Structures are given as C-alpha cells and as structure tokens.
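What follows is a short report on a single structure.
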Amino acid sequence: MPDQVLAAVRTGPGVTELREFPMPDIDEDSALLEVEVAGICGTDVKMYAKPPSTAPVIMGHENVGVISRVGPRFAERKGVREGDRVFVEHYVGCFHCEWCHAGEYRHCELTDWRTNPDARRYGYTSAENPGRLWGGFSQYMYLPWNAVIHKVPDGVSAELAGLVTPLSNGIEWALNAGRVGYASTVLVQGPGQQGLSQVVASKQAGASLIIVTGTTRDAARLDLAKGLGADAVIDVQREDPLARVMELTNGRGVDTVLDCTAGAGPAPVLLGIDALKRREGIMVTQGELAAFPDFPLKKLTEKSITLASARGHGYRAVELALEQLASGRFPLERLATHSFGIDQVDHAIRALAGETGEDAIHISLLPWKEKT
C-alpha cells in the first residue's frame with residue numbers, strides 16, 4: 001500500500017492540477033476504495049467551467065472500484081470484504097433525518113452542497129475536509145461509515161459498471177418521476193448519455209412508442225438510440241418536431257416527455273408542453289434554465305400537465321441499473337465511447353463538453369491508466 005495517493009484536483013474554473021495526498025487512516029467504521037473507473041457526465045462539465053466554490057476539489061461522482069482496506073464494523077454493516085468490486089453513490093447522508101429514514105438520502109442536508117457548505121458528496125466536497133479523498137479522479141477514495149455502496153454483479157466489468165449513474169438516473173426519471181410503463185408513449189429530448197439511458201429504461205418498462213429528438217450533428221447518437229430501442233428519431237433542424245410527434249401518435253400526443261437537453265434554451269420545454277397528450281401528461285425536466293420568461297403556465301394548467309424534476313436516483317434504481325448491465329439485453333457498452341488517464345482530466349471534460357471535436361457520449365476516467 002503506497003503512502004501517497006495521486007489525484008486530479010480542480011483548483012479553479014477550468015483548471016486541474018495533479019497532487020499527492022497522504023493515504024487516509026482507516027478505522028473500524030471506514031474503508032478505502034481503489035478506484036478503477038470514474039465516469040464523467042454533463043454535471044462535471046458545468047462544475048468544471050463554473051465551480052460553486054473556490055475550494056480544491058477532487059471531482060468524480062460516478063465511481064467504481066475495489067475495496068482495498070476495510071474496517072471490521074464497516075465490513076459487517078455493508079456486507080463487503082477486501083477485493084469486492086463496488087459502485088459508490090455520490091450521496092453521503094446523515095442517516096438519522098426524515099429523508100434518510102424514508103430512503104431518500106439524496107435529499108439529506110448533509111449531502112446537499114447547494115445549501116450546506118460542509119456537505120459531503122463525492123466529486124463536490126473540498127479535499128481539505130477530513131478524509132481528503134472525496135472524489136473519483138483519484139487512485140483511491142475514502143469511504144466513511146455512511147457511504148452508500150452497491151456490489152457489482154459478477155461478469156460486469158469495471159468500465160461497464162461505470163455506466164451505472166446515467167442508467168440509474170434513467171430508471172429514476174423515466175419510471176418513477178415520469179411513470180413510464182407498459183404501453184406508454186414517450187418523447188425523449190436529447191440523445192446524450194442521460195437521454196439514451198431514458199430510452200433503455202422506457203423500453204425495459206414496456207413503452208409502446210419511444211421517440212428521440214436531436215440535432216443534425218447528433219446523427220450517430222440518433223442511430224444509437226434506435227439500436228437501444230427507440231422506435232423513431234427526429235432531427236429537429238430538418239423537420240418540424242411537433243408535427244412529426246403528432247403524426248407518430250395519430251394526433252394524440254405522448255404520455256410522457258423526458259427533457260435531457262443541455263444548453264438548448266426554452267425550446268425543448270415548449271415543445272414538450274405541446275407534444276403531451278390533451279390531459280394529464282407528465283414532463284420531466286432537469287431545469288437547466290435559471291429563468292424562463294413568458295413561461296406558458298396557462299397552457300400547462302389547462303392540459304393538467306404534471307411537471308416533475310429530474311434529480312438524481314434512489315437505492316433501488318441503482319440496483320436495477322446493475323441488474324440491467326448484468327443481463328446483457330441491450331448493447332450498453334456502446335455508450336462507453338472514450339477513456340482517459342488521470343493526467344488527462346482537463347481534456348476528458350472538454351471532450352464531453354464538445355470542445356475537442358470528439359463525439360463523446362460517456363467518458364471513463366481510469367486513474368491507473370499509464371500517463372500519456
């Protein structure tokens with residue numbers, strides 16, 4: 001076991017430094033994870049460009065690795081032992097508040113970095129806090145007693161398991177927030193890793209019609225959407241998306257709209273409101289817009305639309321995502337398009353942001369990959 005741990009640290013907007021940290025002490029109630037894969041998603045792109053604080057942060061909140069050292073009480077509580085491959089959720093709840101008792105630790109104040117400056121959440125917490133290794137862009141990661149972990153099924157590789165976060169979000173947003181089920185009709189807006197995960201979740205749930213929208217530059221992703229189960233795809237720059245949705249649904253509209261776009265402005269939300277069925281449709285949105293001038297609230301209420309928030313995932317969604325990966329039913333490995341070493345964090349994030357010309361859907365950061 002080395003004395004020092006190499007990690008990529010965000011030190012400012014769009015700036016990463018490689019730093020070494022002392023190996024943390026592990027007591028009876030904690031463990032140490034040797035990180036194999038840290039996934040990169042759109043949230044990392046936003047947090048990298050505009051950090052919410054000036055603190056040094058080891059980013060990386062989609063983390064898979066092997067239990068390297070484990071305290072006896074941690075092992076008993078979590079049912080793990082050294083050598084087990086696990087997925088670590090980014091939430092670190094208190095487990096005594098009302099939200100944690102309800103199983104909704106994602107809403108716990110202890111893990112909410114937006115309202116609590118001392119919050120604990122992997123990929124968001126300052127490396128100056130006890131434990132230091134609070135992110136997956138590191139060779140090792142500290143696991144306290146209240147870390148939430150899931151065993152990775154046999155036969156699922158570390159890199160494939162790195163897809164668990166977008167897949168579990170897909171299950172949470174489509175099935176729980178969007179109530180997609182047997183014979184549902186669904187419009188998925190945006191063919192990124194989250195949108196494609198919505199396709200898989202909706203198909204698995206028994207949706208009868210899945211429509212995916214994208215732009216002309218998303219041609220390859222739209223083809224992948226069809227390979228994952230989409231029934232129809234729409235290039236919004238080449239055809240009228242609303243007219244096409246109505247054509248595909250025989251004028252009825254869809255039951256559920258899942259907005260997974262980023263940086264597209266109000267257009268997807270407006271399209272979603274119009275594309276939903278006459279009464280009681282559901283729209284799930286990530287809410288990227290800080291403000292929405294002239295929001296059509298009257299139309300929303302007249303159609304009795306339920307507007308739901310896309311916010312993370314629960315424990316069961318992660319377990320279902322792992323089962324989905326183990327089943328081999330869908331070619332999910334096609335989502336994992338790129339991998340980079342720990343010395344390439346800056347390039348990896350910019351690649352996902354579309355700044356490098358690479359069509360990256362999901363990127364895996366491999367901390368032990370040889371430096372280039």
Side-chain angles (χ1 to χ4, degrees), residues 7-18 35 37-64 90-91 113-114 121-127 134-138 159 162-170 173 188-198 214-215 217-218 220-221 224 258-265 267-268 285-290 309-313 335-367:
V9 184
R10 186 192 68 214
T11 57
V15 180
T16 295
E17 295 179 8
L18 286 179
V35 182
V37 173
I40 299 177
C41 79
T43 301
D44 293 311
V45 172
K46 289 182 292 184
M47 294 297 179
Y48 192 55
K50 297 180 179 180
S53 75
T54 58
V57 171
I58 303 171
M59 296 176 64
H61 62 277
E62 303 182 359
N63 304 313
V64 176
H90 51 302
Y91 311 112
W113 58 270
R114 293 178 177 85
R121 183 179 294 204
Y122 288 106
Y124 298 78
T125 292
S126 170
W134 291 101
F137 296 173
S138 173
E159 198 157 351
L163 297 168
V164 166
T165 297
L167 286 175
S168 58
N169 287 348
W173 303 355
V188 178
Q189 300 188 86
Q193 58 180 280
Q194 294 293 176
L196 294 171
S197 295
Q198 309 296 313
T215 61
R217 72 175 185 176
D218 292 325
R221 298 182 179 206
L224 177 54
L258 303 166
D259 177 18
C260 300
T261 58
T285 178
Q286 299 180 73
E288 297 293 329
L289 296 172
S309 299
R311 276 287 161 260
H313 53 257
L335 292 176
T337 56
H338 293 69
S339 65
F340 298 98
I342 197 171
D343 60 321
Q344 297 174 293
V345 165
D346 180 81
H347 178 88
I349 295 175
R350 295 182 188 281
L352 191 64
E355 297 177 16
T356 66
E358 301 162 82
D359 188 17
I361 298 177
H362 186 271
I363 292 177
S364 296
L365 197 284
L366 310 177

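Residue numbers count from 1 along this sequence. No experiment lies behind these values; they were computed from the predicted model shown.
Residues Y91 and G312 come closest through the heavy atom pair OH-CA, 3.0 Å. Closest non-hydrogen pair, V45 versus A353, comes out as CG1-CB, 3.6 Å. Contact between E159 and S339 at its shortest, heavy atoms only, is OE2-CB, 3.7 Å. When all heavy atoms of G60 and F137 are compared, the pair lying nearest together is CA-CE2, 3.5 Å. Here the closest non-hydrogen pair linking D359 and T337 is O-OG1, 4.2 Å. Taking both residues in full, the closest heavy atoms of V35 and P367 are given as CG1-CG, 3.7 Å, listed atom of the first, atom of the second, then distance.
Note on ring orientation: taking the six-membered ring where Trp is involved, the planes of H61 and Y124 are tilted (angle from 30° to 60°).
Put simply, the side chain of H347 does not reach to within 4.5 Å of the side chain of H338, judged on heavy atoms. The closest side-chain heavy-atom distance from Q286 to C260 is below 4.5 Å. Residues H90 and H313 meet the side-chain proximity criterion, which asks for heavy atoms closer than 4.5 Å. Residues L352 and Q193 form a side-chain contact, since some pair of their non-hydrogen atoms from C-beta on lies under 4.5 Å apart. Taking 4.5 Å as the limit, some side-chain heavy atom of I361 sits within range of a side-chain heavy atom of L196. L18 is listed as a side-chain neighbour of I342, based on a closest heavy-atom distance under 4.5 Å. With a 4.5 Å cut-off on side-chain heavy atoms, Y48 and D44 do not count as touching.
Checked by atom type and distance alone, the side chain of Q198 never pairs as donor or acceptor with a backbone atom of V188 at under 3.5 Å.
Screening T165, V37, I363 against E62 for a side-chain contact (heavy atoms from CB on, under 4.5 Å) leaves a single residue, T165.
Rounding to the nearest 0.5 angstrom, the gap separating the CZ atom in F340 from the CG atom in D346 is 11.0 Å. We find the OG1-CZ distance between T356 and R350 to be 10.0 Å, quoted to the nearest 0.5 Å. Of the inter-residue distances, the one linking T215 atom OG1 with R221 atom CZ reads 9.0 Å to the nearest 0.5 angstrom. Atoms OG1 and CD, from T43 and Q194 in turn, are 7.5 Å apart once rounded to the nearest 0.5 Å. Taking OG from S138 and CG from L365, the interatomic distance works out to 10.0 Å, rounded to the nearest 0.5 Å.
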